[in-house]
Amino acid sequence: MSDLAKDAWRKYLIQLQAHPLRTKAITAGVLTGCSDAIAQKISGVKRIQFRRLLLLMLYGFAYGGPFGHFFHKLMDTIFKGKKGNSTVAKKVLLEQLTSSPWNNFLFMSYYGLVVEGRPWKLVKQKVGKDYPTIQLTAWKFWPIVGWVNYQYVPLQFRVLFSSFVASCWSIFLNLKARSPAIKNA
């Protein structure tokens with residue numbers, strides 16, 4: 001690792017220790033923005049739509065990072081002192097039955113209402129049509145991520161790890177959440 005990368009990582013860790021919520025929120029916002037830029041390029045957009053990018057960064061900053069921060073602290077409190085495969089399995093199951101459905105629904109709703117500016121009636125139709133497929137796909141993908149996160153990643157790095165993986169997931173969600181009329185814009 002280069003000296004520049006080592007120094008940046010050291011400074012990041014200092015910020016994570018001193019200001020965990022703020023650092024996780026900023027990290028989630030930046031990673032959400034990066035994943036949206038990638039999703040836009042994959043979808044064939046000629047010029048990056050900065051309004052969309054900023055609105056998605058806001059979502060990561062205001063919701064994604066803070067939600068992850070408090071959710072992982074809550075999970076650590078619920079399962080305080082408990083370790084082992086059984087506990088990890090319970091954490092993954094709880095996460096998949098609570099935050100996974102909620103987060104996917106919220107993202108799709110936010111995307112339709114705020115990012116695309118569509119009325120609730122159209123967003124509701126889109127969510128009703130696509131949500132089951134997205135959630136079933138999530139249940140095939142995220143339990144593995146959750147297992148790795150709870151089994152091997154220290155608490156202070158769980159949001160960072162999840163945010164990196166969520167960047168890839170967000171590309172998928174971005175491409176699925178877009179309305180047909182918007183896709184060719």
Side-chain angles (χ1 to χ4, degrees), residues 1 9 12-36 38-39 42 56-112 124 126-177:
M1 193 185 285
W9 179 246
Y12 181 84
L13 292 177
I14 290 169
Q15 289 302 308
L16 187 61
Q17 184 72 31
H19 310 284
L21 179 58
R22 180 179 72 190
T23 304
K24 292 170 188 175
I26 292 169
T27 301
V30 169
L31 290 172
T32 303
C34 291
S35 70
D36 181 58
I38 293 167
I42 288 172
L56 288 169
M57 287 180 76
L58 176 63
Y59 178 86
F61 174 77
Y63 175 74
F67 178 86
H69 172 79
F70 291 113
F71 182 78
H72 287 293
K73 285 181 79 162
L74 176 65
M75 293 291 268
D76 210 46
T77 300
I78 291 170
F79 295 99
K80 189 169 183 75
K82 298 178 181 171
K83 303 218 182 283
N85 290 339
S86 174
T87 299
V88 171
K90 289 174 187 173
K91 286 180 178 181
V92 170
L93 182 63
L94 183 59
E95 180 180 77
Q96 293 308 304
L97 294 175
T98 58
S99 74
S100 177
W102 167 251
N103 284 335
N104 289 322
F105 171 78
L106 186 65
F107 179 85
M108 291 183 75
S109 299
Y110 178 86
Y111 195 95
K124 188 174 152 184
K126 176 79 172 145
V127 170
K129 178 180 169 271
D130 291 345
Y131 179 81
T133 303
I134 287 171
Q135 189 56 50
L136 287 172
T137 304
W139 281 331
K140 294 174 187 172
F141 175 73
W142 280 102
I144 297 163
V145 174
W147 186 274
V148 170
N149 207 11
Y150 291 119
Q151 185 76 356
Y152 303 108
V153 179
L155 178 61
Q156 73 268 25
F157 296 121
R158 287 187 189 149
V159 173
L160 177 62
F161 176 76
S162 294
S163 292
F164 271 117
V165 177
S167 295
C168 298
W169 178 250
S170 292
I171 294 168
F172 166 75
L173 275 184
N174 253 316
L175 296 173
K176 289 295 282 182

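Quick caveat: nothing in here was measured; it's all calculated off a predicted structure. Values below: every heavy atom of this structure, side chains too, minus hydrogens, waters and symmetry copies.
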So which atom in N85 and which in W147 form the shortest heavy-atom distance, rounded to 0.1 Å? O-CH2, 3.5 Å
Below 30° counts as parallel, above 60° as perpendicular, anything between as tilted: where do the rings of F67 and F71 land? parallel
What residues, two or more places apart in sequence or in another chain, satisfy side chain to side chain donor-acceptor pair (under 3.5 Å) together with W102? Y63
Beyond-backbone contact of V148 with V165, side-chain heavy atoms, under 4.5 angstrom: no
Using atom types as modelled and distance alone, determine if a side-chain donor or acceptor of T23 lies under 3.5 Å from a backbone N or O of Q15. yes
Between P143 and A138 the two heavy atoms that sit nearest each other are CD-O, 3.5 Å
With side chains defined as the heavy atoms from C-beta onward, is the minimum distance between V159 and F70 less than 4.5 Å? no
Side chains of L160 and T27: closer than 4.5 Å at any heavy-atom pair? yes
V153 and R158 have their tightest heavy-atom pair at O-NE, 3.0 Å
Between OG1 on residue T98 and CG on residue L93, distance to nearest 0.5 Å: 9.0 Å
Can you confirm whether Q156 sits close enough to P20 that some side-chain heavy atom of one is under 4.5 Å from a side-chain heavy atom of the other? no
Quick check: closest heavy atoms across P66 and L21, and the distance to 0.1 Å? CA-CD1, 3.7 Å
Pair V145, F164 - check side chain to side chain contact (heavy atoms under 4.5 Å, CB included), show working. CA-CA 11 Å; V145 174; F164 271 117; over 6 Å; no
Q135 meets the side chain to side chain donor-acceptor pair (under 3.5 Å) criterion, sequence neighbours left out, with S100, N104, Y131
Pairwise distance NZ(K90) to NZ(K82) - rounded to 0.5 angstrom: 6.0 Å
Using modelled atom types and a 3.5 Å cut-off, is there a donor and acceptor pairing between side-chain atoms of W139 and backbone atoms of Q96? yes
Determine whether F107 and L56 make a side-chain contact, defined as any pair of heavy atoms from C-beta on separated by less than 4.5 Å. yes
Distance, nearest 0.5 Å, that separates NE2 of H19 from CD1 of I14: 10.5 Å
Would you say I144 has more than 12 foreign heavy atoms packed within less than 6.0 Å of its CD1? no
Separation of Q151 CD from K91 NZ (nearest 0.5 Å): 9.5 Å
Kindly determine whether V127 and Y111 satisfy side chain to side chain contact (heavy atoms under 4.5 Å, CB included), including the steps that lead there. CA-CA 10 Å; V127 170; Y111 195 95; over 6 Å; no
Can you name the ring pair (Phe, Tyr, Trp, His ring centres under 6.0 Å) partners of F105, sequence neighbours left out? none
Sorted by chain and number, sequence neighbours left out, ring pair (Phe, Tyr, Trp, His ring centres under 6.0 Å) with Y12 holds for W9
Here the gap from T32 atom OG1 to F61 atom CZ, rounded to the nearest 0.5 Å, amounts to 11.5 Å
CG on L31 to CD1 on I26, rounded to 0.5 Å: 12.0 Å
So which atom in G65 and which in A28 form the shortest heavy-atom distance, rounded to 0.1 Å? N-CB, 3.4 Å
Kindly indicate whether the side chain of Y150, heavy atoms from C-beta on, has any atom under 4.5 Å from the side chain of H72. yes
Considering residues at least two apart in sequence or located in another chain, which fulfil the side chain to side chain donor-acceptor pair (under 3.5 Å) criterion with S99? none
Heavy-atom side-chain contact between V88 and Y152 under 4.5 Å: no
Does a side-chain heavy-atom distance below 4.5 Å link E95 with N149? no
Got a sec, which residues hit side chain to side chain donor-acceptor pair (under 3.5 Å) with Y110, two or more places apart in sequence or on another chain? none
